[in-house]
Structure formats: C-alpha cells, structure tokens
Number of protein chains: 2
Amino acid sequence: MRKLRVPAAAALASSTVENYLKQLYRQQRAGGGMVGMGQLASAMGVVPGTATSMAKSLAEAGLARYTPRNGVRLTAAGEQLALHVIRRHRLVELFLVKVLQLDWSVVDEEAERLEHAVSDRVLERMDALLDFPTADPHGDPIPSAHGRLHEPRRLSLANCPLGRPQTIARVLNQDRDFLQFVESEGLAPGAEVTVASRIVAAGAVKLQRRRRGELSLGLAAAAAMLVAPAKPARGEG
Amino acid sequence: MRKLRVPAAAALASSTVENYLKQLYRQQRAGGGMVGMGQLASAMGVVPGTATSMAKSLAEAGLARYTPRNGVRLTAAGEQLALHVIRRHRLVELFLVKVLQLDWSVVDEEAERLEHAVSDRVLERMDALLDFPTADPHGDPIPSAHGRLHEPRRLSLANCPLGRPQTIARVLNQDRDFLQFVESEGLAPGAEVTVASRIVAAGAVKLQRRRRGELSLGLAAAAAMLVAPAKPARGEG
DNA sequence: ATTTTTACTTTGAATAGTCAAAATAGCAAG
DNA sequence: CTTGCTATTTTGACTATTCAAAGTAAAAAT
Ligand SMILES: [Mn+2]
Ligand SMILES: [Mn+2]
Ligand SMILES: [Mn+2]
Ligand SMILES: [Mn+2]
C-alpha cells in the first residue's frame, strides 16, 4: 500500500485538464518558458478563446501562471501533474506493446484515453510486470513515480556526425503511417544506422543500414529520429 | 426538435450514459420490465429529476423507451450497448486479477473507470490473452463480443438443498469487505461447501466447508453466494 | 506617427450533467 | 368527493468545456 500521494494540487483533474497539462509541458520544453494562446489552441485543436479560458482556469487551480497577452506556464504543481500523466501514458504504451502485443503505431492513440483511467494501483502493477522500464516503445523516457524525468539531449539523423554508426534511440513522430514506415524500414529504436550524406538544399538524408542497404529520408523525418553514438561492437575499431 | 440519431448501437456514448445503461440493464433483469425514476436515481446516486432527464435523453437517442410516470426500459439497441459495457467491465476485471495480480476485492472499482476507456482492439487482445474466458473473477458471466449473455439460473446458499455438496459459482456482492471476507473464509468461486442447516427465523445459514470446518452466514450473505451442485469426486456416491 | 495586421481577450450561447426546490399527477383514505 | 402522501416532473441555476463573433492590444509596416 503505497503512500505516494502526489502534491496537493494533484487532487482530481479532469481528462481535459490532464491533456492540457501534458501539452503545456511539451510546448514549454520545446519553446522554453511561456506558451502563447495561439500555439496552445492549435495544438489542442480548439479556438484561441478556449485556450484563454482554460489558461485562466489552470491558473485559478494553481496549476499554471497566466499573464494576459503573454502566455501560460506551468507551476511546479502543474508540472508534477503533467509528469504523472506522461508517466501513465508511456507506461501504458509499453504495456500495450509488451503484454497485449499491440503494434507500436497504434498505442499512442490507445494510451491517450487510458492515461486518464488507470489508477496508481494499476500503474504500479504494470510497472512491476514490465520490470521498471525507463523508456516507452518509441524511446520516450518514462518519468519516475516521483515525477522526475531525465531527457538526455540527443542529436538526430538530421544533425549527427556523418559516417559514424548511430543507434536509433527515440522516434519523436507518433504518426501511425510514419511509425509503420519506420518499422518496415528497420529503423525502430535499437537499430543501427550510419548517415552517409546530407544534401541540405534538397532536404535529403542518405542512410546506410546494417544489412538493408541505403535509404533516403526527408529532413523532417530525419529530425524526428533521435540517435546515440553506437557502441562499437567488439572487433571493430 | 432534435435530430433523431439511431445508427445502430455503435454510436459514441459518454461514460455517464454507459453507466446508466449498465444500471438499467441490471434493474430491468431484477425487477422485470419498467424501471422507475426513483429506483434509477438512487441506484445512480443522483436526485430523481436527474434520472428523469437522463431517461428522456436515452429515449431521444433511441437507447430506451420512456413513459412519464411509468418508467424507462432499454430498447434492443440500448440493451446491446449495455451488454458491451458489461463485457468490457468483466473482461477487464479478470484481466486485472489474472495478469496484473490485483485482488478481486478491488477490481470492480478499477473496472468501473477502465470499462469506458478500453477500445475493441485492446479488449480483443485481453480476451485472447485470457483464452476467451466465460466468467469474471466473481463468477459473473462475460457477454460475447456479439452481445449475447447466458446467465444460468442458479440457487444460492440461502435456498439450495441441504446436505448436498455445492460448488460456489458466483458472488453477487461486489463489496470490498465482503469479498475479502469470502476469500479469507475459503468461499471464492470454485470452493466446495455443504449447507448443513438453515434457521430461517434467526436468519442464519450453517455451512460445512471442505477442510475448514463450520461457518455461519447471515441470510443476506448466503443469498449473495450462488452455487451449482458439486460434481461428485470419483470414489464418492 | 499612422495604419494595418496579427494575436489575443471578451461576450454570448450551446451542450452535458447535475442539484434544489416548486409544481403535479396518481392513488389512498376518509 | 376531498384531503394527503408519495413518486415524478418541471423549472431555474450552476459547472465544465467549447465555439462564433466581436472587441482590443501590441507589433509590424508604411
Ligand atoms: Mn489523453
Ligand atoms: Mn510514446
Ligand atoms: Mn463505469
Ligand atoms: Mn465482477
């Protein structure tokens, strides 16, 4: 019986609020600091006025700070709640892939609903059954139960050094077709590739795969594939 | 004048509506036919006025028939939807017990939320992983994917023949403490017992358990324990 | 320094679900 | 019949979430 009750504000957030928090957390990461109402609105698929009123609500609930005409930003409490939602999302995704054998291209959609329905009790069991994993099927790191998240800064296929073998570490694009393509081309997390060349003007990145030969990617796609320098296999220099 | 939406049962019902449908299905079973607003309201924990307006909504959605001052009753479509929700609920409960090792005394509560968040895709996987089970942890039968449900009429410890060995088949009371008690006393589904005697005036039922000796139950508790005649073990008459 | 553009905020309205309290219908007695 | 009692239905209100459209501030352009 865990006593890991999250901070005060963690009371009961509706799934709507949870989704906004998650989104704010992401955009805050990406765009440093304040998130504008326009960005928030289009990311959430609502009109700007809706974003404004939600920003006010979040502020009122102590989950965010809102400055009119400037933007919103999560408070520490809001950030913690966001991280818990993200933890649920990612753990559920991994569970769906590992235990229920769902395809990694569909689990994001499923997790989007389940993340609001799994209790701490259930989540703990999943965590244990999966042996306390640190990354989801897309390579996204899983926040700890205490809401701590370590995101190593990584290069992508769009900016890593040429000619040096890289291991695919994380796929940022959760689009179904994209993920299916990535998998069918042998580029899922764990795969090893080398960037042979980049023709920036043409927006093309040429890859050399382990035993599958060449493959060209557009720059946007390449940028969505984060990598880590491959550990040289024994015998190689 | 609202637009009548009646495209099969596949429409999207909110979790609120799903909960009402489930409840109506149960009460319709129990009380045969029409369900009064008072009953519905108190079962759902809302005031009667709320039940009335929900009954109207369900009727408008083609999920129920509503006669003012008389009651509601599910249509075929509403019944189908209810059975699908019940299927999700029970399959999820079994999944939580078998795969995630949760205690059977808490899964009802968990399933109450998850039943609205699991997709058909996920449900199918659970079903397969559990090898197409026909009953949940409490012995409640699981409706088929087509919405068919077979509920064998059973006797309970309150009305089965005396002195004849019975197998516990189903526990109707989902109360946490009750379930914990039942399990701790070795009366979970599958267990074998014999009703030694009943003192109706005192409301007491005396049981003889396999290798645990005697146990007395109140009549209400006994009535919540459905049984089936035990198959005589080889060697016995 | 105006004007124009863009981004944002307000206002008014809608839907789902709910409660409190007042109005009623149906039946039960007297 | 007339009064009561109980179960229901209505009405008015409130929260959460959202949109449409009108108003406004700040930034960009001229
Ligand atoms: Mn979500
Ligand atoms: Mn993911
Ligand atoms: Mn439910
Ligand atoms: Mn059950």
Which of B/R65, B/M34, B/M37 passes side-chain contact (heavy atoms from CB on, under 4.5 Å) with B/V72? It is B/M37
Whole-Å distance, A/L63 CG to D/dA16 P, equals 13 Å
Practice prompt. Under 4.0 Å between any heavy atoms, over every strand shown, what does A/T52 touch: base, sugar-phosphate, or nothing? Just pick one.
Written response: base
Check: Below 4.0 angstrom from OP1 or OP2 of C/dG17, is there any side-chain N or O of B/S14?
Finding: yes
Here the distance between atom C1' of D/dT6 and atom CD of B/Q39, to the nearest Å, is 13 Å
In whole angstroms, the gap separating P of C/dA7 from CE of A/M34 amounts to 19 Å
Here the distance between atom P of C/dG17 and atom CD of B/E18, to the nearest Å, is 11 Å
- prompt: Does a donor on one side chain sit under 3.5 Å from an acceptor on the other, for A/D108 and A/H138?
  reply: no
When rounded to whole Å, the NE2 to P distance for the pair A/H116 and D/dT17 reads 12 Å
**Message:** Strictly below 4.0 Å, N to O, side chains only: are B/R170 and B/E151 in salt-bridge contact?
**Reply:** yes
For this session: Identify whether any heavy atom of A/T50 sits under 4.0 Å from a base atom; if not, whether one sits that close to sugar-phosphate; answer base, sugar-phosphate or nothing.
Result: base
A/L58 atom CG is separated from D/dT15 atom C1', nearest whole Å, by 15 Å
**Report entry** Sugar-phosphate, base or nothing in reach of B/G38, heavy atoms under 4.0 Å
**Finding:** sugar-phosphate
task: Verify the contact: side-chain N or O of A/Y66 to OP1 or OP2 of C/dT9, cut-off strictly under 4.0 Å; return yes or no.
output: yes
Quick note, A/P68 side chain, CB onward, closest among C/dT18, D/dT18, C/dT9 is C/dT9
Regarding B/K98 and B/E93, does a basic nitrogen lie under 4.0 Å from an acidic carboxylate oxygen?
no
Picking from C/dT18, C/dT9, D/dT9, the nucleotide nearest the side-chain atoms of A/M37 would be C/dT9
Contact class for A/G71 vs. all strands (heavy atom < 4.0 Å): base, sugar-phosphate, or nothing?
-> nothing
Taken to the nearest whole Å, NZ/B/K56 to P/C/dA16 is 15 Å
Which of D/dC19, C/dA20, D/dT9 is nearest the side chain of B/V47? It is C/dA20
Of the listed D/dT9, C/dC8, C/dT18, the closest approach to the A/R69 side chain comes from C/dC8
Check your understanding: Are A/E115 and A/R90 close enough that some pair of their side-chain heavy atoms sits under 4.5 Å apart?
Key -> no
B/N19 atom CG is separated from C/dG17 atom C1', nearest whole Å, by 13 Å
Discussion item. Less than 4.0 angstrom between a side-chain N/O of B/Y20 and OP1 or OP2 of C/dT18, yes or no?
Written reply: yes
